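Throughout, a chain's letter reflects where its sequence line sits, starting with A, and its residues are numbered from 1. Computed from a predicted structure; not experimentally measured. For the numbers below, each heavy atom of this structure counts, side chains included, while hydrogens, waters and symmetry mates do not.
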Amino acid sequence: MDYRFPKSARLLTSREFQRVSSQGRRSTTRYFTLLTRDVLSDPIRLGITVSRKVGNAVQRSRVKRLIRETFRLLRPMLKSGLECVIIAKPMAGQTVNAELLRDLRQLLARHEIPDPTALHGTEQK
RNA sequence: GGAGUGGGCCAGACGACCGCUGAUUUUUGGAUCACACCAACGAUUGGAGGAAAGUCCGGGCUCCACAGGGCAGGACGCCGGGUAAUCCCCGGCGGGGGCAACCCCAGGGAAAGCGCCACAGAAAGCAAACCGCCAAGCCUCUGACCAGGGAGACACGCCUGACCAGAGCGCGGCAAGGGUGAAAGGGUGCGGCAAGAGCGCACCGCGUCUCCUGGUAACAGGAACGGCACGGCAAGCCCCGUCCGGAGCAAGACCACAUAGGGGGACGUUUAAAGACGGCCCGUCCAGUCCCCGGGUAGGUCGCUAGAGACGGUCGGCAACGCCCGUCCCAGAUGAAUGGUCGUCACCCCUGCCCGUCCACCGGGACAGACAGACAGGGGGACAAAACCCGGCUUAUCAGCCCACUCCGAGU
RNA sequence: CGGGGUGUGGCGCAGUCUGGUAGCGCAUCGGCUUUGGGUGCCGAGGGCCGGAGGUUCGAAUCCUCUCGCCCCGA
């Protein structure tokens, strides 16, 4: 399967972020906030926001990499035609990687493709 | 072995799979007359730190005028050296702390001037005198003694006078002692004196546009002179000396896009004003416009990493460091890469006897007690991530290792 | 990258320039007033002035370093 995650699959400009945050739907978990916006016939794209309240530069980088890594591995199973923005909450800076990973999978599971061949619901747990 | 001081090193290793990013390159596609260029997949190869941090100093670089003069302002401040430069580093001097190794110090000027020194105390900066000490003199009182006088038989008492002692008052001398304070115009001893005092002497301390010796110098040692005059604070103002033009890679350059003209204000067609020039003035440039609000654009390329560069060595220097030679190329991201998962092996920490059903509790038993190793199980690995680049400083930091030195204890 | 502000009882602030006693309001506690509560009045407790070092006889105040928070400009 294709687990790559090039720059073209990312939201990079301020204008794109503002478009999602003004028109998107919001869902939250303990450590993250997910904003989504439907776009027709484009591959799924992701933007990441980690503010200074999360922690110092090392902690912010760690959180960003974890979000990218999780999204990269789940990307083939997610719906296309979607723009996402994941915002880290301040609590995320104090939390270990495994905990954040579980939280992220739970967050992104809502947008998975309903796959008839695999029992993804029980598999991911 | 214990306690400590100074300096240095390291920042787990290897592997598998899946990714991100720079450079080179194959293929394919787009584009083109063809290159250049763009995109995708693949291959090779590179990809955070000792502090990358804080942004506290100093430079390079770029633009503003080739950065000019003055004022203001700021920084620094023992001496010598190192350096591109420094508030940094090295060596020394002086002072302070420690038994010592060693550590700490903004460490110029208080006889240029101003200011401050609360409370206490008599007095807080210029010499003065609260308690106190003291000789002579004057006055008052008390006491002892002497002389004279009146009355009286005589003596005391009474009156007057002199002298001595004490107390008090005022005019003086002194600053030893007491007391206050952080600080009171040298300290100790002897002499001296009415009492005292550098008043004199000895030693110590202090000072000097002085001299000698050593040292490049700070300074050290000595001599001579001065009886001592000169309190502290300049991290209060200040004075003296040295240094500093301003901004910062969002500097700056190029390409593309867009340059519409709404509202308000300033100044002027002679001097000038405004601006470049972001503290002010002069000076220079510029030449008819300039500023503010509002509106628009904020895409790409370069700058962007070969450098006061790293490593090794010779030589010079006590050292910081410098000269020369050889080898090497070692991150360039931009909503911002350098990662995630797993395995193995090292490192550190904790736990540990046996039996009773595998485990836990509980019960019983063994061992005088402790330490170390092996083994088994569990846990841990800090601080902190380039953002134009260097040199320092400061701060954060788990575990470990190395070198030199000091003190204490024991043994030989 | 550049600049500014701030840290003082539980809370919000003075005092810092010009060094010597840390004060104000609310809150807390006790008493009085009221049948009781509130209000009002009287009184009390609570601070090593963010941290470390230095200058000074003496530091919240002056100086140096450092930590945290907030804000602004490009």
Side-chain angles (χ1 to χ4, degrees):
Chain A
M1 254 200 231
D2 186 14
Y3 290 113
R4 286 180 295 107
F5 185 31
K7 273 272 169 66
S8 59
R10 312 237 343 237
L11 302 181
L12 296 176
T13 65
S14 180
R15 183 173 292 173
E16 290 171 325
F17 275 80
Q18 281 171 7
R19 200 170 54 204
V20 174
S21 72
S22 62
Q23 302 175 11
R25 296 189 306 277
R26 176 182 296 260
S27 60
T28 61
T29 60
R30 190 164 172 196
Y31 301 112
F32 300 101
T33 298
L34 174 68
L35 302 174
T36 55
R37 171 175 176 271
D38 293 316
V39 184
L40 293 178
S41 71
D42 272 336
I44 186 164
R45 299 171 69 205
L46 175 72
I48 303 169
T49 295
V50 180
S51 81
R52 212 157 56 83
K53 290 179 182 175
V54 174
N56 58 24
V58 176
Q59 287 172 325
R60 293 200 303 271
S61 288
R62 182 175 65 92
V63 171
K64 280 188 278 191
R65 282 173 182 149
L66 248 110
I67 294 171
R68 276 210 316 273
E69 188 70 10
T70 311
F71 187 82
R72 181 176 74 83
L73 294 171
L74 292 176
R75 203 163 75 99
M77 290 181 276
L78 297 174
K79 293 179 197 166
S80 60
L82 209 62
E83 285 182 347
C84 308
V85 170
I86 295 180
I87 303 169
K89 294 185 178 178
M91 286 269 294
Q94 319 292 321
T95 315
V96 294
N97 288 7
E99 178 92 10
L100 294 178
L101 267 164
R102 214 176 322 123
D103 203 67
L104 276 166
R105 291 211 168 118
Q106 202 179 341
L107 189 68
L108 290 170
R110 302 167 194 176
H111 298 283
E112 284 180 11
I113 303 164
D115 194 348
T117 59
L119 299 170
H120 66 278
T122 54
E123 188 69 26
Q124 289 300 320
K125 290 283 166 65

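- In the set rG339(B), rA336(B), rG335(B), rG335(B) carries the atom at the smallest distance from any side-chain atom of F17(A).
- Applying the side-chain hydrogen bond (donor to acceptor under 3.5 Å, both in side chains) rule to Q59(A) yields no partners; only residues at least two apart in sequence or on another chain are considered.
- Across all strands shown, the partner of rC238(B) is rG109(B), judged by Watson-Crick or G-U wobble contacts whose two distances both fall under 3.5 Å.
- If you measure from atom CG of L66(A) to atom P of rU338(B), you get 12 Å, rounded to the nearest angstrom.
- A donor and an acceptor atom sit less than 3.5 Å apart, one in the side chain of E69(A) and one in the base of rG339(B).
- In this structure, rA127(B) shows a glycosidic angle more than 90 degrees from zero, which is the anti conformation.
- Rounded to the nearest Å, the gap between the P atom of rC257(B) and that of rA274(B) is 40 Å.
- Regarding the sugar-base torsion, rA229(B) falls in the syn class, its angle being within 90° of 0.
- R75(A) is linked by a side-chain hydrogen bond (donor to acceptor under 3.5 Å, both in side chains) to nothing, counting only residues two or more places apart in sequence or in another chain.
- Base orientation at rC342(B) is anti, since its O4'-C1' glycosidic dihedral falls outside 90° of 0.
- As a whole-Å value, the separation of N97(A) CG from rG340(B) P is 7 Å.
- Applying the side-chain hydrogen bond (donor to acceptor under 3.5 Å, both in side chains) rule to T29(A) yields the partners D103(A); only residues at least two apart in sequence or on another chain are considered.
- Residues meeting the side-chain hydrogen bond (donor to acceptor under 3.5 Å, both in side chains) test with R25(A), sequence neighbours left out: D38(A).
- Taking atom CG of residue L100(A) and atom P of nucleotide rG339(B), one finds them 18 Å apart after rounding to whole Å.
- Spacing of P atoms, rG296(B) relative to rU301(B), comes out at 26 Å, to the nearest Å.
- Under the Watson-Crick or G-U wobble criterion, with both distances below 3.5 Å, rG245(B) is paired with rC64(B).
- Under the Watson-Crick or G-U wobble criterion, with both distances below 3.5 Å, rU5(B) is paired with rA404(B).
- Comparing the P positions of rC390(B) and rG96(B) gives a spacing of 46 Å, expressed to the nearest Å.
- Straight-line distance between the P atoms of rG352(B) and rG50(B): roughly 43 Å, to the nearest whole Å.
- A gap of 13 Å separates the P atoms of rG47(C) and rA22(C), to the nearest Å.
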Distances under 3.5 Å between protein N/O atoms and the N/O atoms of nucleotides 20-31 of chain B, please, pair by pair.
| unit_1 | atom_1 | unit_2 | atom_2 | d |
| --- | --- | --- | --- | --- |
| rC20(B) | OP1 | F5(A) | N | 3.4 |

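- The C1' atoms of rC65(C) and rC324(B) are separated by 43 Å, rounded to the nearest whole Å.
- The distance between atom CZ of R52(A) and atom P of rG335(B), rounded to the nearest whole Å, is 19 Å.
- Residue contacts for I48(A): at a heavy-atom cut-off of 4.0 Å it reaches a base atom on one of the strands shown.
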Short heteroatom pairs, N/O only, protein and nucleotides 383-385 of chain B, under 3.5 Å:
| unit_1 | atom_1 | unit_2 | atom_2 | d |
| --- | --- | --- | --- | --- |
| rA385(B) | N6 | R65(A) | NH1 | 2.1 |
| rA385(B) | N6 | R65(A) | NH2 | 3.2 |

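- Put simply, CZ on R60(A) is 15 Å from P on rU338(B), counting in whole angstrom units.
- Rounded to whole Å, the distance from CG on L101(A) to P on rU341(B) is 7 Å.
- With contacts defined as side-chain heavy-atom distances shorter than 4.5 Å, the pair I67(A)/F32(A) qualifies.
- rG335(B) atom C1' lies 15 Å from atom CG of L35(A), rounded to whole Å.
- Using modelled atom types, one side-chain atom of R45(A) and one backbone atom of R10(A) make a donor-acceptor pair closer than 3.5 Å.
- Across every strand in view, rA122(B) sits unpaired, with no contact that passes the Watson-Crick or G-U test at under 3.5 angstrom.
- Anti is the classification of rG322(B), since its glycosidic angle lies more than 90° from 0.
- Nucleotide rG316(B) forms a Watson-Crick or G-U wobble pair with rC321(B), both donor-acceptor distances falling under 3.5 Å.
- Clustering ILVMFWY residues whenever any of their side-chain heavy atoms sit less than 4.5 angstrom apart, transitively, puts M91(A) in the very cluster that holds L104(A).
- Residue-level contact check: T70(A) touches neither bases nor backbone, having no heavy atom under 4.0 Å from any strand.
- Residue pairs meeting the salt bridge (charged side-chain N to carboxylate O under 4.0 Å, His left out) criterion with at least one member in residues 56-71 of chain A, sequence neighbours excluded, are E69(A)-R72(A).
- Taking atom CG on L73(A) and atom C1' on rG340(B), their separation rounds to 8 Å, with Å as the unit.
- Taking a pair to require two hydrogen-bonding distances under 3.5 Å in either a Watson-Crick or a G-U wobble arrangement, rC174(B) pairs with rG132(B).
- Residues satisfying the ring pair (Phe, Tyr, Trp, His ring centres under 6.0 Å) criterion with F5(A), sequence neighbours excluded, are F71(A).
- Residues T28(A) and K89(A) form a side-chain contact, since some pair of their non-hydrogen atoms from C-beta on lies under 4.5 Å apart.
- Only the P atoms considered, rG50(C) is 13 Å distant from rU6(C), to the nearest whole Å.
- Its glycosidic angle being within 90° of 0, rU305(B) falls on the syn side.
- Separating the P atom of rA319(B) from that of rC90(B) is a span of 14 Å, rounded to the nearest Å.
- With a cut-off of 3.5 Å on both pairing distances, the Watson-Crick or G-U wobble partner of rA202(B) is rU188(B).
- Applying the ring-ring contact (aromatic ring centres under 6.0 Å, His included) rule to pairs touching residues 79-100 of chain A yields nothing, sequence neighbours excluded.
- With V85(A) as the partner, the side-chain contact (heavy atoms from CB on, under 4.5 Å) test is satisfied by one option alone out of L11(A), T36(A), L34(A): L11(A).
- The base-pairing partner of rA197(B), taking Watson-Crick or G-U wobble contacts with both distances under 3.5 Å, does not exist among the strands shown.
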